[in-house]
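Computed from heavy atoms alone, side chains included, the values below leave out hydrogens, waters and symmetry copies. Throughout, a chain's letter reflects where its sequence line sits, starting with A, and its residues are numbered from 1.
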Amino acid sequence: MRVRYNPMAVEAKWRERWEQAGVGEVDLDQAPRPFYNLVMFPYPSAEGLHIGNVFAYTGGDTYGRYMALLGHDVFEPMGFDAFGIHSENFALKMNVHPARLIANNVSHFREQLHRMEGRFAWSQAVDTTSPAYYRWTQWVFLQLYHRGLAEKKRAPVNWCPSCLTVLANEQVVQGACERCGTLVVTRHLEQWFLKITQYADRLLDHLEEMDWSPTIKTAQRNWIGRSAGLELSFPVVGHPGTAVAFFTTRPDTVHGASFVVLAPEHPLVSAITTDGARPAVEAYVTAALARRDQERTDVNRAKTGVDTGARALNVATGREVPIWVADYVLGSYGTGAIMAVPAHDQRDFEFANAFGLPIPWVIEPPGGVPATPTEAYGGPGTVIHSGLLNGLSSPDAREQVMDWAEREGLGQRRVTYRLRDWLISRQRYWGPPIPMVLCPTCGTVPVPESELPVMLPDVENFRPLGTGESPLASVSAFVETTCPQCGGPARRETDVSDNFLDSAWYYLRYPSAEETERALSPDRIAKWLPVNMYIGGHEHAVLHLLYTRFISMALHDMGHLPFEEPFRVFRAHGTMIHEGAKMSKSRGNVINPDELFDRYGADSVRTYLMFMGPYQEGGDFSDQGIQGVYRFMHRVWDLVDEVLSRGVPDAAPPAARERERHRTIAKVGSDYAALHHNTAVSTLMTYANALTAARDTVTRAELETLVILLSPLAPAITEELWERLGHAGMLSQDARWPTVDPAYLVDAEVEIAVQVDGRVRDRIVVAVGGTQEQALAQALERERVQSALGGHAPARVVYVPGRALNLVAARTERDPAANE
RNA sequence: GCCGAAGUGGCGGAAUUGGCAGACGCGCGCGACUCAAAAUCGCGUGUGGCAACACCACGUGCCGGUUCGAGUCCGGCCUUCGGCACCA
């Protein structure tokens, strides 16, 4: 009796069975072969699971299911990153309390994540907004505080006028708020920072050895922006004891420093400005500080600046040089001052040209100093006009100047970074309150761990105030407290923490999710971490992925973790596009996964998403393309169904087919392991086509191989076919990846190309392991080869076993035969 | 401007260490089934020289090079995407 493939019925049946059997759950304490397979958890939006989420999770899940078939105890947890500005902004827009909104979203997400057949360990799910979770987020903050890695300090910070809160540097993209696109402004506020800069070197150095997608490593290197050089001071003339310190990566050009530039916010500006210059300088500084960062740091803007009238002594040349104020020098980098070397720095060159300042050349480029320079020369060369340094190469001079400066006590070698400390205060409602108390007598006092969590109060008005304070500041029941140290009246910190802090440690919590008395179980940590495979999007290259590494290192240094780097392997998945463009509501090309599940079933959706293109590059979703995969599922079903209807032979397959079976197992396995899911699908299609062509003699071993190999992509249909093939246990629990017999991977004979002068002229079948002579003799018997040779004997023969035989007829200059 | 990734049929994309370019799928064409259509199945499908076969030439962004042989390696460009950017 034939049965038709009904994806809805099959998938509904197995979803239920899997849930009952707890497929996906592992014994976290006993599992003999632990494998932690992690995919970045979602932010549960109101729109529901995005097709991009389905794409990302299917890739990770396919990998996890493959690992499980290999016999690993795969732990694949899932959770919800539900705190943060994004959720809160949406709640404000809908005018619904975020707590209620999020609860709905989370339950919708859970449903969809079940629908997509993820093999998740739901018992360990986390929700960052639950007090049972954020209690420990606060605990993490306190650990950092006790370690001296959390500090409240006054600093110029990025303020988003639309989100009404400060942001971390990482959350400002080209001068605009990452969330809403509004241009940020600089405010001077007292805020909580986490000292990630203390880990800059380690964060950078470890990258070398890490097995991560190269794009992510590069992005992190760029972001950390390490540069090594010299910090040097020039004394200010007429101000004994005062010197301008600056950082330079080109100490070899110090003789060419013909002026000094201070940033407008530099503290020395007003102290050294001469009376005559003061009005102009003050006007300039005021105007510069009022300018938006976005505008001020625009590369294309013409250089502006004012002479302070003061002079500095170039300690290398002994000459006095003018000190200018200009806004192309940033107050936030290095010391906020530079020595300007206009001949060898394009920015200084432009500035010197604009204001008629001298441009002395001290490095001679390989082609000589140009007669009329139109731009600065920043490359290496020979040092000139620099006294004792003359004639040295610029790298040698660089070292000598640094040695000299250190010896003379004029400066020291220094390393600077682009990376800034991580600002985690948010003047918002929807996050974990920062667990600190401000006491008039004791100052800033941490909340004792025993009093955690500091509960986020349920308030009606969660709207941000815009005063620089969180909405919590107006909740007196929350604010008013007693000092944990002296017992006197005190106020709570009212800012909440950045939601990237929530996600900076969630992967540590999963294995210990049920722990109520501590954040982490050391045994579980030791057993499951670091994560074996982590998959996520490129967009988190310098946010989540950098913060996470920092938190992990810090917790390691405090003795909470036995490792520094949390993710052994990280792979970034690509981005899905549709109709040639990124999906967006305004474009109207958004794909709704629920509709696809309803029309084709999750098995086909999963398999198509993986077939669409290379997982790590993404792909273009085609409405027609998915039909092809849907047809493929039907073909697989019909093949098994047809053979079942007349009885499945247990005989061994013929040798040629057995060879193909083993090759398919090997190829699909290596593809899954490398996340090359697209080629795994095409190999499976080829195999299914071959079995269909041989349907009359197809055997049990072949059908079961096809079913198991396909199961990581299409779990339900394969589970059903497995059952129909007579197995009592579930494929996803009991089945094992079939073993490959390497003997089958080599043929006795192989067809190779016969080339004449590099052009394929014929093909011959030769014995594997045969000699060049044998192959040549065979090839020369062929008419086509003879005619291509044009009657000549080959002048040279190149034989690549198993690949090609190339006969060189043409006499080339290098060919000794040509010299006859 | 600097750094990184990538350019292959009408389309998505395959192709160990340099060794038969275009697997697999979509689309398209022809055929079978059908009163007809849809669905399904079979065959064909890089371009040109022919309407077709045989055969030949050309063909992996562009120019040049190395090699018996280059999608793959080297040099110089062009384009697209991503990261960084008055960071001294």
Rounded to the nearest Å, what distance is computed from the [atom1] atom of residue [X] to the [atom2] atom of nucleotide [N]?
X        : N     : atom1 : atom2 : answer
A:Asp345 : B:C2  : CG    : P     : 15 Å
A:Gln220 : B:G82 : CD    : C1'   : 15 Å
A:Gln755 : B:A70 : CD    : P     : 9 Å
A:Ile626 : B:C11 : CD1   : C1'   : 17 Å
A:Arg250 : B:C86 : CZ    : P     : 20 Å
A:Met610 : B:A14 : CE    : P     : 13 Å
A:Asp762 : B:C55 : CG    : C1'   : 14 Å

ring-ring contact (aromatic ring centres under 6.0 Å, His included), paired with A:His634, selected from A:Trp637, A:Tyr630, A:Phe632: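 So, applying the ring-ring contact (aromatic ring centres under 6.0 Å, His included) to A:His634 and each of A:Trp637, A:Tyr630, A:Phe632, only A:Tyr630 qualifies.
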
A:Arg761 vs B:C56: side-chain N/O to OP1/OP2 distance below 4.0 Å: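 Indeed, a polar side-chain atom of A:Arg761 lies that close.
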
Side-chain N,O (A:Arg347) to OP1/OP2 (B:A88) below 4.0 Å: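 Answer is no, no contact under 4.0 Å.
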
Polar side-chain contact A:Asn806-B:C68 base: donor and acceptor under 3.5 Å: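 Such a pair exists between side chain and base.
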
Distance-only donor-acceptor test, A:Arg803 side-chain atoms vs B:U16 base atoms, 3.5 Å: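 Counting by modelled atom types and ignoring angles, no donor-acceptor contact under 3.5 Å is found here.
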
Nearest-angstrom distance, C1' atom, B:C3 to B:U8: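 After rounding to an integer number of Å, I get 26 Å for this pair.
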
P-based separation of B:G9 from B:G18 [nearest Å]: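 The same atom, P, in both gives a distance of 24 Å.
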
Letter per nucleotide, 5' to 3', of nucleotides 23-32 of chain B [B base touched, S only sugar-phosphate touched, - untouched; heavy atoms, 4.0 Å]: BBSSS-----

With a 3.5 angstrom cut-off on both distances, give the Watson-Crick or G-U wobble partner of [N], or none if there isn't one.
N     : result
B:A14 : none
B:G1  : B:C84
B:C41 : B:G31
B:U79 : B:A6
B:C58 : B:G46

Anti/syn call for B:G9, syn if |chi| within 90°: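 Classified syn.
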
Whether over 12 other heavy atoms sit under 6.0 Å from A:Arg301 CZ: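 Yes, enclosed.
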
Test: A:Arg571 and A:Asp211 ion pair at under 4.0 Å: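 Result for this pair is yes, salt bridge flagged.
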
A:Phe355/A:Phe259 aromatic ring centres below 6.0 Å: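 No - the distance between ring centres of A:Phe355 and A:Phe259 does not fall below the 6.0 Å cut-off.
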
Return yes if a side-chain donor-acceptor contact under 3.5 Å exists between [X] and [Y], otherwise no.
X        : Y        : value
A:Tyr5   : A:Asp641 : no
A:Tyr615 : A:Thr62  : no
A:Tyr600 : A:Thr607 : no

